[in-house]
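Comments concern the structure below.
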Amino acid sequence: MIKINKNILTILAITGTLTLSSCGDQPEITNLGYTPEAIGDNNWTKDIKHDEGGKDEPTPTPPEGESDPKDPYFAGTPVSHFNKNYVGTVSVEIDGNALLPSRESVTIMATDGTHINFALKNFILNEEDTQVPVGTVRLQDVELKEEADGTITLRYDKDTQIIHGDPTIIIDGEEIDVPEDAWLGPMLPLIPIKLVGTLKDGVINIDIDINMEATLGQIINVNFNTK
């Protein structure tokens with residue numbers, strides 16, 4: 001049986017057998033506050049532009065907040081190279097100790113042509129049959145840049161609040177209810193989080209450093225790779 005442990009002091013006793021994962025088979029992750037209703041079924045305001053032949057063409061104006069990177073508005077910008085959801089391998093080190101890899105999902109939502117919001121949902125510290133819920137790592141306004149060779153780089157370096165995850169998660173095929181006060185992240189102060197990543201030849205590779213040294217005496221290094 002899977003047991004959710006709400007005692008944050010147990011984290012200090014977790015050893016190198018720990019695995020850190022964003023749990024659950026979630027091919028469609030919630031889209032971080034963006035809803036179809038927010039843009040009225042994609043009936044965006046239309047502007048008019050003239051191409052070289054003098055033909056008027058409607059150009060969609062994006063909704064406020066977040067949107068799918070494949071929205072027509074973002075064509076030709078760095079964000080247009082991305083999709084909304086990715087599945088890849090998450091590899092984790094805690095204080096240099098390598099943990100077991102896992103297959104997880106992340107969500108990418110566009111905020112403009114050169115910035116995204118990135119989310120790795122439902123982080124769980126998992127030791128044998130005891131799980132310590134950490135929360136959702138959501139990074140807002142990650143900067144994108146297209147290099148001369150076509151590589152898209154991603155950068156983020158800010159103190160960030162880890163927010164609580166979903167009320168129900170899936171671990172090893174078992175549906176688990178998680179009380180709101182069981183998530184560790186909201187109980188912690190802002191955590192220094194650094195992200196460096198690339199999108200090249202269709203492969204996205206992201207390194208995330210979560211520096212909990214000041215609060216829990218740990219540095220968590222996460223790698224996400226779609227290859």
Side-chain angles (χ1 to χ4, degrees), residues 20 22 26 28-39 42 44-45 59-88 90 104-123 134-148 150-166 183-186 188-200 202-215 219-226:
L20 176 65
S22 161
Q26 302 175 41
E28 281 292 322
I29 303 178
T30 55
N31 50 13
L32 310 176
Y34 164 87
T35 62
E37 292 78 7
I39 60 170
N42 290 321
W44 301 347
T45 301
T59 301
T61 300
E64 294 183 3
E66 299 164 311
S67 185
D68 192 311
K70 292 301 183 185
D71 287 338
Y73 176 81
F74 299 116
T77 68
V79 78
S80 68
H81 295 275
F82 289 85
N83 291 309
K84 178 181 173 183
N85 294 320
Y86 285 90
V87 176
V90 172
E104 310 298 344
S105 298
V106 300
T107 296
I108 288 176
M109 300 300 294
T111 57
D112 59 39
T114 58
H115 293 83
I116 60 169
N117 286 353
F118 173 93
L120 178 58
K121 294 196 67 178
N122 301 331
F123 251 160
V134 176
T136 290
V137 179
R138 183 188 182 192
L139 310 181
Q140 296 181 284
D141 291 330
V142 177
E143 181 180 354
L144 305 183
K145 182 180 179 182
E146 187 165 6
E147 305 295 340
T151 300
I152 308 297
T153 59
L154 303 86
R155 294 190 180 277
Y156 177 94
D157 190 358
K158 297 178 184 178
D159 291 351
T160 303
Q161 182 70 62
I162 298 176
I163 62 178
H164 50 69
D166 294 334
W183 293 103
L184 172 63
L188 298 176
L190 297 178
I191 301 295
I193 297 180
K194 182 177 181 179
L195 178 150
V196 176
T198 59
L199 173 65
K200 185 174 183 179
V203 176
I204 187 168
N205 183 75
I206 294 176
D207 291 308
I208 305 172
D209 295 335
I210 304 172
N211 191 338
M212 293 187 175
E213 201 165 27
T215 52
I219 297 178
I220 302 173
N221 307 115
V222 182
N223 175 263
F224 177 81
N225 191 293
T226 59

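Being a predicted model, the structure only gives us computed values, none of them experimental.
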**Request:** Please lay out, stage by stage, how Val222 and Val137 fare under the test side chain to side chain contact (heavy atoms under 4.5 Å, CB included).
**Result:** CA-CA 11 Å; Val222 182; Val137 179; over 6 Å; no

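Taking CG of Asn221 as the reference point, atom NZ of Lys194 lies at 11.0 Å (rounded to 0.5 Å). Here the straight-line distance linking atom OG1 of Thr111 with atom CD of Glu66 works out to 7.5 Å at 0.5 Å rounding. Rounding to the nearest 0.5 angstrom, the gap separating the NZ atom in Lys200 from the CD1 atom in Ile152 is 11.5 Å. Between the NE2 atom in His115 and the CD atom in Glu143 there is a gap of 5.0 Å [rounded to 0.5 Å]. Rounded to the nearest 0.5 Å, atoms NZ (Lys145) and CZ (Arg155) are 8.5 Å apart. Distance check: Ile191 CD1 to Asp209 CG gives 13.0 Å after rounding to the nearest 0.5 Å.
Residues Ile204 and Tyr86 come closest through the heavy atom pair CG2-CD2, 4.0 Å. Counting all heavy atoms, side chain and backbone alike, Trp183 lies closest to Asn122 at CH2-OD1, 3.9 Å. The shortest heavy-atom contact between Phe82 and Ile108 is CD2-CD1, 3.6 Å. Residues Val79 and Pro69 come closest through the heavy atom pair O-CB, 3.3 Å. The nearest pair of heavy atoms linking Asp112 to Phe74 is C-CE2, 3.5 Å. Taking each heavy atom of Ile163 and Pro186 in turn, the nearest pair found is C-CG, 3.9 Å.
Counting only heavy atoms from C-beta outward, the side chains of Ile162 and Leu188 never approach each other to under 4.5 Å. Inter-residue side-chain proximity for Asn83 and Asn85 is flagged as unmet; no heavy-atom pair is nearer than 4.5 Å. Proximity of Val134 to Ile220: side-chain heavy atoms (C-beta onward) are nowhere separated by under 4.5 Å. Contact check for Asp141 versus Asn117: side-chain heavy atoms found under the 4.5 Å cut-off. Two residues are said to be in side-chain contact when any heavy atoms from C-beta on lie closer than 4.5 Å; Thr77 and Thr114 fail this criterion. Under the 4.5 Å side-chain criterion, counting only non-hydrogen atoms from C-beta, Phe118 is in contact with Val106. Side-chain contact between Leu190 and Thr160 is absent, with no heavy-atom pair separated by less than 4.5 Å.
For Lys70, the NZ atom sits in a packed shell: over 12 heavy atoms of surrounding residues, nucleotides or ligands are nearer than 6.0 Å.
Remark: the Asn205 side chain and the Asn223 side chain contain an N/O donor-acceptor pair separated by less than 3.5 Å.
A search for side-chain contact (heavy atoms from CB on, under 4.5 Å) contacts involving Glu213 returns Asn211, Ile219, not counting sequence neighbours.
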